[in-house]
Amino acid sequence: MTLFDVYPLNDITITKAQGSYVWDENGVQYLDLYGGHAVISIGHTHPHWVQRIEEQLNRIAFYSNSVHIPVQQQLANKLAQVSGKENYQLFLVNSGAEANENALKLASFHTGKKKIVAFSKAFHGRTSLAVAATDNKAIVAPVNETGNIDFLPFNDEAALKQYFQTNGNKVAAVIVEAIQGVGGINVATESFLKLIRDLCNTNDALFIADEVQCGYGRSGKFFALDYAGVDADIYTMAKGMGNGFPVGGILIAPYIKPKHGMLGTTFGGNHLACAAALAVLEVIEKENLIEMSKQRGMYLINKLKSIDGIDNVRGKGLMIGFDVPADIKELRKKLLHDYFIFTGEAKPNVIRLLPALNITRKQVDEFLDTLNEAIAEMKTTAPKGVEENAY
Ligand SMILES: Cc1ncc(COP(=O)(O)O)c(C=O)c1O
């Protein structure tokens with residue numbers, strides 16, 4: 001049997017990982033500023049995370065949501081404390097797409113309405129409604145197409161106001177990433193996010209913050225939306241939540257009332273996933289990783305801004321992007337194959353940095369030195385042919 005070939009692969013096999021380093025099968029060490037797509041939040045194979053999962057595995061790994069699962073409540077309590085969203089309710093799932101799918105569905109149940117507002121360059125996942133709300137036609141199958149999603153330009157307050165004037169009464173939810181990830185690290189302005197909040201309030205629509213990538217401390221606050229000083233009605237989470245153990249969830253405001261059977265999942269909230277997610281929050285708290293992310297991020301962004309040869313450095317905390325000019329367009333591949341550094345990308349020309357929140361200052365400096373060296377080397381050699389980008 002062959003694997004269904006949907007991923008353009010780097011020709012690398014990782015066999016070991018620790019902290020912000022991974023090693024391939026030949027023992028070559030790589031510095032990881034990609035974290036398997038923003039997933040590694042507390043560092044690879046963090047000992048506390050390993051220990052909690054091992055302990056849980058030896059007791060019970062899984063039972064369905066037909067019985068009490070106390071570790072779910074433990075996770076909810078810790079999440080309330082670390083996120084500050086004390087009054088919210090938690091529904092657990094397995095991935096980011098599933099979190100958004102449930103959030104959108106819940107918004108429609110709650111409001112009785114159908115229209116969803118999403119934004120240009122948004123990425124919300126690959127399941128039915130989540131992919132329909134994603135601004136990439138190439139990944140929307142005919143069966144996913146729906147007239148219920150309206151796309152508006154990101155950060156365009158006038159367009160949003162105008163839309164709501166004519167369609168406000170039909171809107172069930174606005175879904176937005178406070179910092180777009182796949183779209184290329186585009187930071188929503190605080191006034192745009194506040195306007196979404198106001199318009200949702202006056203039109204009985206729900207504000208869904210997709211914090212799957214920008215959440216969980218990565219931005220230097222627990223949720224990137226927190227910078228705007230407003231609350232969402234539903235927050236969606238995944239990626240950093242389990243540090244690699246598949247787990248996702250939605251935080252639901254107290255006035256949204258549940259009903260038996262309204263949402264459901266077989267695997268969501270299983271014992272093992274909750275143990276992993278609990279370990280992540282314990283480490284975030286103990287190692288002060290939200291503040292760490294903010295400080296390291298500021299340091300990294302300032303240093304990047306002073307590097308000649310890259311443009312438009314942006315982001316918050318450890319969610320950082322910069323544009324790669326055409327003369328060094330292969331920078332990301334060079335960093336990976338010649339200098340053994342993983343970074344992320346966003347098409348067509350953005351490098352995304354999404355390291356673990358506890359990346360050390362020394363590792364950040366190591367990256368900056370290498371980046372300078374790689375750029376200098378590329379500028380002195382003639383550009384090679386076009387290579388396709390691997391996302
Ligand atoms: C903002 C955002 N939402 C949703 C998703 C989908 O998450 P998953 O791949 O876990 O389904 C992603 C994945 O990149 C994402 O970046």
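Whatever order the structure lists ligands and atoms in, that order sets their numbers, starting from 1.
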Measure from atom 13 (C) of ligand 1 to every heavy atom in K239, H124, M241 and give the option owning the shortest one.
K239
With atoms numbered from 1 as shown, which atoms in ligand 1 lie under 4.0 angstrom from a non-hydrogen atom of N100?
3 (N), 4 (C)
Mind checking whether R126 contacts ligand 1 via backbone (N, CA, C, O), side chain (CB onward), both or neither, at a 4.0 Å heavy-atom cut-off?
neither
4.0 Å heavy-atom contact, E211 with ligand 1
no
Quick check: does A97 get an N/O under 3.5 Å from an N/O on ligand 1?
yes
Would you check whether A238 has a nitrogen or oxygen atom less than 3.5 angstrom from a nitrogen or oxygen atom of ligand 1?
no
Taking all atoms of both residues into account, what is the closest heavy-atom pair of G220 and S293, and its distance?
N-OG, 3.8 Å
Checking the N or O distance criterion of under 3.5 Å, is ligand 1 in contact with E98?
no
Any side-chain heavy atom of V131 within less than 4.5 Å of one from T127?
no
Look at the side chain of Q56 and the backbone N and O of I60, then say whether any donor-acceptor pair between them is shorter than 3.5 Å.
yes
Should the pair W23 and Y21 be assigned to parallel (<30°), tilted (30 to 60°) or perpendicular (>60°) ring geometry?
tilted
Do E282 and R52 meet the salt-bridge criterion of a basic N to acidic O distance under 4.0 Å?
yes
For S95, atoms of ligand 1 separated by under 4.0 Å from a heavy atom
10 (O), 11 (O)
Suppose I only count heavy atoms of H37 and a 4.0 Å limit; which atoms of ligand 1 are within that range?
14 (O)
For ligand 1 and E177, I'd like to know whether there is a polar contact (N/O to N/O, distance under 3.5 Å).
no
Numbering the atoms of ligand 1 from 1, which are under 4.0 Å from a heavy atom of V212?
2 (C), 3 (N), 4 (C), 5 (C), 7 (O), 12 (C), 15 (C)
Is there a donor-acceptor pair closer than 3.5 Å between any side-chain N or O of S20 and the backbone N or O of D32?
no
From the list F367, F342, Y339, ring pair (Phe, Tyr, Trp, His ring centres under 6.0 Å) partner of Y30 resolves to F342
Parallel, tilted or perpendicular: which fits the ring planes of Y255 and H110, with parallel below 30° and perpendicular above 60°?
tilted
